[in-house]
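Here the structure comes first, spelled out in structure tokens, and everything after it is commentary.
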Protein chains: 2
Amino acid sequence: MDMIVRTKDEVALGGLEDAPGFLLRMAQLKVYEQFFDQVGDHRIKPGEFSVLWVISCNPGIRQSLLGQRLLIKRAHMTKLIRALEEQGLVSRRIPDEDRRAVELSLTTKGRVAVETASQWFFAYEQSLGANLSAGERERLIALLKKFIGMKASGL
Amino acid sequence: MDMIVRTKDEVALGGLEDAPGFLLRMAQLKVYEQFFDQVGDHRIKPGEFSVLWVISCNPGIRQSLLGQRLLIKRAHMTKLIRALEEQGLVSRRIPDEDRRAVELSLTTKGRVAVETASQWFFAYEQSLGANLSAGERERLIALLKKFIGMKASGL
DNA sequence: TATTGTTATACTCTATAACTATA
DNA sequence: TATAGTTATAGAGTATAACAATA
């Protein structure tokens, strides 16, 4: 019969180690830590990059739709976009069809910034999960996509 | 809560949908959202529960070790533990062997609270990933454990 | 000198609700 | 009435740095 022997540095997690919510939280903290170790002090943070990137992929996207896709609440989105606007990266336009809405685009400066940032961003993302095999990493990505309700097919 | 009728406005993510850091962030947001939908307004939040649970599994654990395992910074740990102490759930003890350290244990009230909370906590964790098959869910858990550098024993 | 924990400060992210202007 | 966005406020969570006590 196997005995579980713990040195005094071992910590029993009592089932927490199989709880998906807990594991996702830990994984995200590791990722965040690795981000600062690796890319350090860029002006654009991952959250801001994702906003800029999605705007660059969908010029004229409405603020509400962008927020829905990135799970950013409206009140927070307003502050985020204003900060990016003040940096001269994003421009807003009120469409005549619906004058409540705001359509977002990148400025020229914004496009340059995204172009630069995308290089370190995707290199950083590529470096995540380096301790997994290529197949495991792919499976993890596919399972996460399914977990959050994204189509697993090639979007 | 999200009763939005979607027109066919698709949003291109331009590769973001395969970025593990992005997916982990999205997954964690979904989990958090589901937590409030499902278990609502308990006094103990997931982060606090995990601290109490690990103390209950490791009576006398040192504050520094607990923080290392749960990736909670020292300054934040101090505030967290003090709040739990003020609720009468946790007690601290300065060991003679090292009078810089703090050893943590649950009070009787703390043990009762954890016993109660563990029921809804693990039910909630079990409900996560319900859109995956049992095998997929298990694989996701195993891959997350490997991703964060946990032993994937017996898989 | 290094480590453990505390204190103080600040900034980000998020939640909520009241508000406007449109539809 | 409902929707898109804004404003204001508050509370977590976390980062940093200075600090005390102890090793």
Side-chain angles (χ1 to χ4, degrees), chain A residues 9 25-26 28-37 40-51 60-87 90 92-104, chain B residues 1-7 9 25-26 28-37 40-51 60-86 90 92-104:
Chain A
D9 271 12
R25 169 88 180 132
M26 291 296 105
Q28 227 228 306
L29 287 173
K30 287 271 184 191
V31 162
Y32 204 68
E33 192 177 87
Q34 189 166 336
F35 172 75
F36 283 109
D37 285 357
D41 190 26
H42 277 272
R43 278 174 333 197
I44 296 179
K45 281 158 291 182
E48 290 172 335
F49 174 78
S50 66
V51 167
I61 189 174
R62 300 218 173 156
Q63 196 166 306
S64 55
L65 181 58
L66 179 60
Q68 280 166 34
R69 291 311 151 99
L70 297 183
L71 302 180
I72 299 170
K73 293 283 192 301
R74 282 180 309 158
H76 187 211
M77 182 60 79
T78 296
K79 285 190 283 189
L80 239 171
I81 294 299
R82 183 169 46 200
L84 295 173
E85 198 184 15
E86 279 166 5
Q87 292 178 258
V90 164
R92 321 142 130 267
R93 176 180 162 273
I94 311 288
D96 284 340
E97 319 90 76
D98 185 345
R99 296 177 42 74
R100 298 170 304 182
V102 173
E103 290 181 355
L104 303 171
Chain B
M1 194 161 178
D2 221 359
M3 49 180 80
I4 294 150
V5 180
R6 299 206 185 288
T7 59
D9 35 26
R25 170 88 180 131
M26 291 295 106
Q28 227 228 304
L29 287 173
K30 287 272 184 190
V31 162
Y32 204 68
E33 190 178 87
Q34 188 167 336
F35 172 75
F36 283 108
D37 285 357
D41 189 26
H42 279 271
R43 278 173 333 195
I44 296 180
K45 282 158 291 181
E48 290 173 335
F49 174 78
S50 66
V51 167
I61 189 174
R62 299 217 173 157
Q63 196 165 308
S64 56
L65 181 57
L66 179 60
Q68 279 165 32
R69 291 312 151 99
L70 297 183
L71 302 180
I72 299 170
K73 293 284 193 301
R74 281 180 310 158
H76 186 211
M77 183 60 79
T78 296
K79 285 191 284 188
L80 239 170
I81 294 298
R82 183 169 46 199
L84 295 173
E85 199 185 14
E86 278 166 6
V90 164
R92 322 143 130 266
R93 177 180 161 273
I94 312 287
D96 284 340
E97 318 89 77
D98 185 343
R99 296 176 43 73
R100 297 170 303 182
V102 173
E103 290 181 355
L104 303 170

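No experiment lies behind these values; they were computed from the predicted model shown. Throughout, protein chains are lettered first and strands after them, A, B, ... in sequence-line order, and every chain is numbered starting at 1.
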Check: Atom CG of B:Leu80 and atom P of C:dT6: how far apart are they, to the nearest Å?
Finding: 12 Å
Item checked: Side-chain heavy atoms of A:Arg92 within contact of A:Leu104, under 4.5 Å -> yes
Next item on the list: Classify the nucleic acid contact of B:Leu29 as base, sugar-phosphate or nothing, counting any heavy atom under 4.0 Å across all strands shown.
Entry: sugar-phosphate
Next item on the list: Between A:Tyr32 and A:Ser64, just flag the one whose closest nucleotide in DNA chain D comes earlier from the 5' side.
Entry: A:Ser64
Notebook entry, point to check: Looking at A:Arg62, does any N or O in its side chain come under 4.0 Å of the phosphate oxygens OP1/OP2 on D:dT3?
Noted result: no
Next item on the list: Decide if atom CZ of B:Arg99 counts as having more than 12 heavy atoms of other residues, nucleotides or ligands within a radius under 6.0 Å.
Entry: no
Margin query: Using OP1 and OP2 only, check whether a side-chain N or O of A:Lys73 sits under 4.0 Å from C:dA15.
Written below: yes
Margin query: How many whole angstroms separate atom CE of A:Met77 from atom C1' of C:dT14?
Written below: 13 Å
Notebook entry, point to check: Do you know which two heavy atoms are closest between B:Arg62 and B:Ala101, and how far apart they sit?
Noted result: CD-CB, 3.6 Å
Next item on the list: Of all the heavy-atom pairs spanning B:Glu103 and B:Pro95, show the shortest one and how long it is.
Entry: OE2-CB, 3.5 Å
Check: Which nucleotide in the list D:dT6, C:dT7, C:dT12 gets nearest to the side chain of B:Ala75?
Finding: C:dT7
Item checked: Whole-Å distance separating the CD atom of A:Glu33 from the C1' atom of D:dT16 -> 16 Å
Note to self: Could you check whether any side-chain heavy atom of A:Lys30 comes within less than 4.5 Å of a side-chain heavy atom of A:Gln34, counting everything from C-beta outward?
What the structure shows: no
Notebook entry, point to check: Any idea which heavy atoms bring B:Ile72 and B:Leu80 closest together, and the distance?
Noted result: CD1-CD1, 4.0 Å
Item checked: Distance in angstrom units between B:Glu48 CD and D:dG11 P, rounded -> 15 Å
Item checked: A:Leu104 CG to D:dG5 C1', straight-line distance once rounded to whole Å -> 11 Å
Item checked: Minimum-distance nucleotide to B:Arg74 side chain [options: C:dT4, C:dT7, D:dG5] -> C:dT4
Below 3.5 Å is the cut-off: list the nitrogen or oxygen pairs between protein and nucleotides 19-23 of chain C, distance only.
residue: C:dA23; atom: OP1; partner: A:Arg99; partner atom: N; Å: 2.9

Notebook entry, point to check: Closest approach of B:Met26 and A:Leu70, non-hydrogen atoms and distance?
Noted result: CE-O, 3.4 Å
Checklist line | Separation of C:dT6 C1' from B:Glu85 CD (nearest whole Å) | finding: 13 Å
Note to self: Measuring to OP1 and OP2 of D:dT6, would you say a side-chain N or O of A:Arg92 lies under 4.0 angstrom away?
What the structure shows: yes
Next item on the list: Write down the distance between NZ (B:Lys79) and P (C:dT4), rounded to a whole number of angstrom.
Entry: 20 Å
Next item on the list: Mind calculating the distance between NE2 (A:His76) and P (D:dA8) to the nearest angstrom?
Entry: 17 Å
